Colleague: 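Take this structure, written in structure tokens, and hold onto it; I'll ask about it next.
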Amino acid sequence: MKRIGILTAGGDTPAMNATIHGAVVRANQLKVEVFGLIKGFNSLFNPRVPHVHLNPLYQEIPEIDPTKGGTIIGSSRDYVDPEKKAELDLVASRLEGLGVEGLICVGGDGTLNGLQPLAERLPTVLAPKTIDNDLGLNYPHEPDEWVRVKDPQANHGSRYEQRASHAMFDLEYMVNYVTPGYATAVFVSAGGVERIRTTAESHRRIAIIEVMGRHSGYIALGSAYGRPDIILVPEHPLDLEHLVERVKQLYDLQKNVVIVCGEGIVDNRGRELGAETKTTDPAGNIALSGAAEALRHKFIQMIGDRYFQLYRRGTAREAIFTRKVGHTQRGGRPILFDRFYAAQLGAKAVELLLEGHNNAVATLQYNSKRGFYVDGYDANRFRDRWGYIHARHMFPAFYDPKLMKPSRIGIDYLLPIFTDAIGEDDMEHMRRTLFSQGNLAQPYHSINTDVNKRIRYVTSVVGETDSEIAPAPMPDLAKHLGTGAAKSEK
Ligand code: F6P
């Protein structure tokens with residue numbers, strides 16, 4: 001293999017550049033060219049295939065910086081639908097036209113779902129990324145527990161449910177113990193929780209802090225490091241009575257309460273609190289908006305003004321406030337743990353391709369003797385019996401629903417990741433850069449400006465004539481083609 005492609009797909013994470021860096025460093029050692037495809041699969045839906053040569057003369061371009069968040073080659077939620085054979089063929093022929101012999105997708109569960117049909121056309125490997133930590137298996141046979149049940153309300157008339165496990169759980173059997181991006185997201189969330197505490201204390205308020213993670217409670221679990229009083233995770237339906245009772249107990253005692261809720265929390269009928277206004281992103285994921293706000297409304301009704309007036313002036317509405325950690329948990333400099341292992345996973349993905357693996361995933365494994373190490377895993381083993389790959393939920397026993405906090409085993413899960421997750425340079429970097437005088441005087445220089453100058457386009461693609469290129473984008477992809485790409489070609 002002399003030339004490979006790499007793309008970053010789905011929601012960004014702080015560690016994607018570190019993965020690209022790891023892949024390019026290893027490719028340089030092995031004398032393999034790496035082409036970065038711009039904006040994930042979007043690049044391949046464009047007949048001109050915008051791309052950047054990331055290692056001309058086997059030297060990494062200077063824009064690749066593993067300590068910078070985001071991804072210099074851009075990401076999008078464009079998605080390769082395994083059902084769309086013609087689209088897949090087109091994608092493969094465009095890669096062939098580019099001389100790319102193998103592909104690394106830096107992605108999550110959505111990308112992994114599209115991997116197999118792509119792998120039938122060219123060698124493809126996934127390097128994992130997601131702040132949600134939902135790419136992986138809590139135990140190897142987890143995919144076998146999924147069943148499909150009829151549901152006239154659901155898409156295609158059915159939905160998936162996960163049955164309870166019959167196996168003894170062991171942390172060391174987890175497949176892809178943790179995903180790059182997760183540690184930094186927890187670092188930001190836990191820091192936010194810690195900061196909100198003192199203001200809640202000063203003003204005798206109840207703070208409800210919403211963290212990301214979709215239907216997986218891993219980020220909420222990790223935010224325990226910020227010492228909230230209560231954590232709510234999507235894997236355990238809300239018991240409102242129990243929750244309100246505990247909130248009042250805490251408030252009676254300390255006159256403030258800090259609650260963390262995962263954005264995907266559900267009520268006792270399994271309905272998502274935050275999905276009251278339901279929308280979906282291009283990959284079909286439900287966009288969750290406002291679990292914390294929904295919870296606040298329930299508290300206002302159930303606790304009432306009179307209760308708060310015992311302790312402070314004002315109404316329940318004033319006493320209870322919400323904050324979303326939001327996209328700050330997805331951006332910025334990755335902490336040491338993330339960038340170190342993201343780079344290793346990028347390098348492993350290159351090795352897997354060159355060793356002849358296909359439809360494989362580079363995984364980050366853990367055992368108490370070796371610590372963390374990278375490995376390869378067959379992507380097919382993530383599939384359920386219908387061929388679908390599910391986002392991993394937080395392993396339910398990591399959480400104690402009575403205490404509403406991590407359980408003993410949940411703590412055991414978190415410790416290896418976070419004990420030494422922050423590097424000295426992470427703190428030093430902040431000390432040196434945040435209040436630098438230049439920040440005030442100079443405009444922000446976006447990395448995109450530099451990368452744009454390096455973007456190249458193919459002029460003709462195998463199987464596509466020029467006349468095919470211009471006027472006939474596939475209807476559902478039309479929005480991704482055209483103006484942006486055409487303009488920057490000039
Ligand atoms: O999957 C990553 C994630 O950050 C989720 O935690 C969150 O629900 C979603 O992406 C937000 O997506 P967007 O940035 O498109 O609003």
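Quantities reported herein were computed from a predicted structural model and do not represent experimental measurements. The analysis underlying the following values was restricted to heavy atoms, covering all of them including side chains, and did not include hydrogens, waters or symmetry mates. For ligands, and for the atoms within them, numbers begin at 1 and follow the listed sequence.
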Colleague: Between Glu194 and Arg227, is there a salt bridge with N-O shorter than 4.0 Å?
Modeller: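 No, this pair does not count.
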Colleague: Is Asp78 salt-bridged to Lys39, going by a charged N under 4.0 Å from an acidic O?
Modeller: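 No.
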Colleague: Just which atoms of ligand 1 are under 4.0 Å from any heavy atom in His327?
Modeller: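 Listed by number with element: 13 (P), 14 (O), 16 (O).
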Colleague: Does Asp65 pair with Arg333 as a salt bridge, N-O distance under 4.0 Å?
Modeller: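 Looking at Asp65 and Arg333, the cut-off is not met.
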Colleague: Should one rank His215, Arg77, Gln329, Lys129 by closest heavy-atom distance to atom 10 (O) of ligand 1, which comes out on top?
Modeller: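 Minimum heavy-atom distance to atom 10 (O) of ligand 1 goes to Arg77.
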Colleague: Taking only heavy atoms of Glu263, which atoms of ligand 1 are found under 4.0 Å from at least one of them?
Modeller: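 Result: 5 (C), 6 (O), 7 (C), 8 (O).
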Colleague: Look at Asp151 together with Arg159 and state whether they make a salt bridge at an N to O cut-off of under 4.0 Å.
Modeller: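 Answer for the salt bridge query: yes.
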Colleague: Hey, which atoms in ligand 1 end up nearer than 4.0 Å to a heavy atom of Gly213?
Modeller: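 So the answer, numbered in order with elements, is 6 (O).
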Colleague: Please state which part of Thr130 comes within less than 4.0 Å of ligand 1, counting heavy atoms only: side chain, backbone, both or neither.
Modeller: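 Neither; no heavy atom under 4.0 Å.
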Colleague: With atoms numbered from 1 as shown, which atoms in ligand 1 lie under 4.0 angstrom from a non-hydrogen atom of Ile131?
Modeller: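 Checking each atom against Ile131, I get 4 (O).
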Colleague: Hey, are Arg197 and Asp229 close enough for a salt bridge, meaning a charged N less than 4.0 Å from a carboxylate O?
Modeller: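 A salt bridge is present here (some side-chain N lies under 4.0 Å from a carboxylate O).
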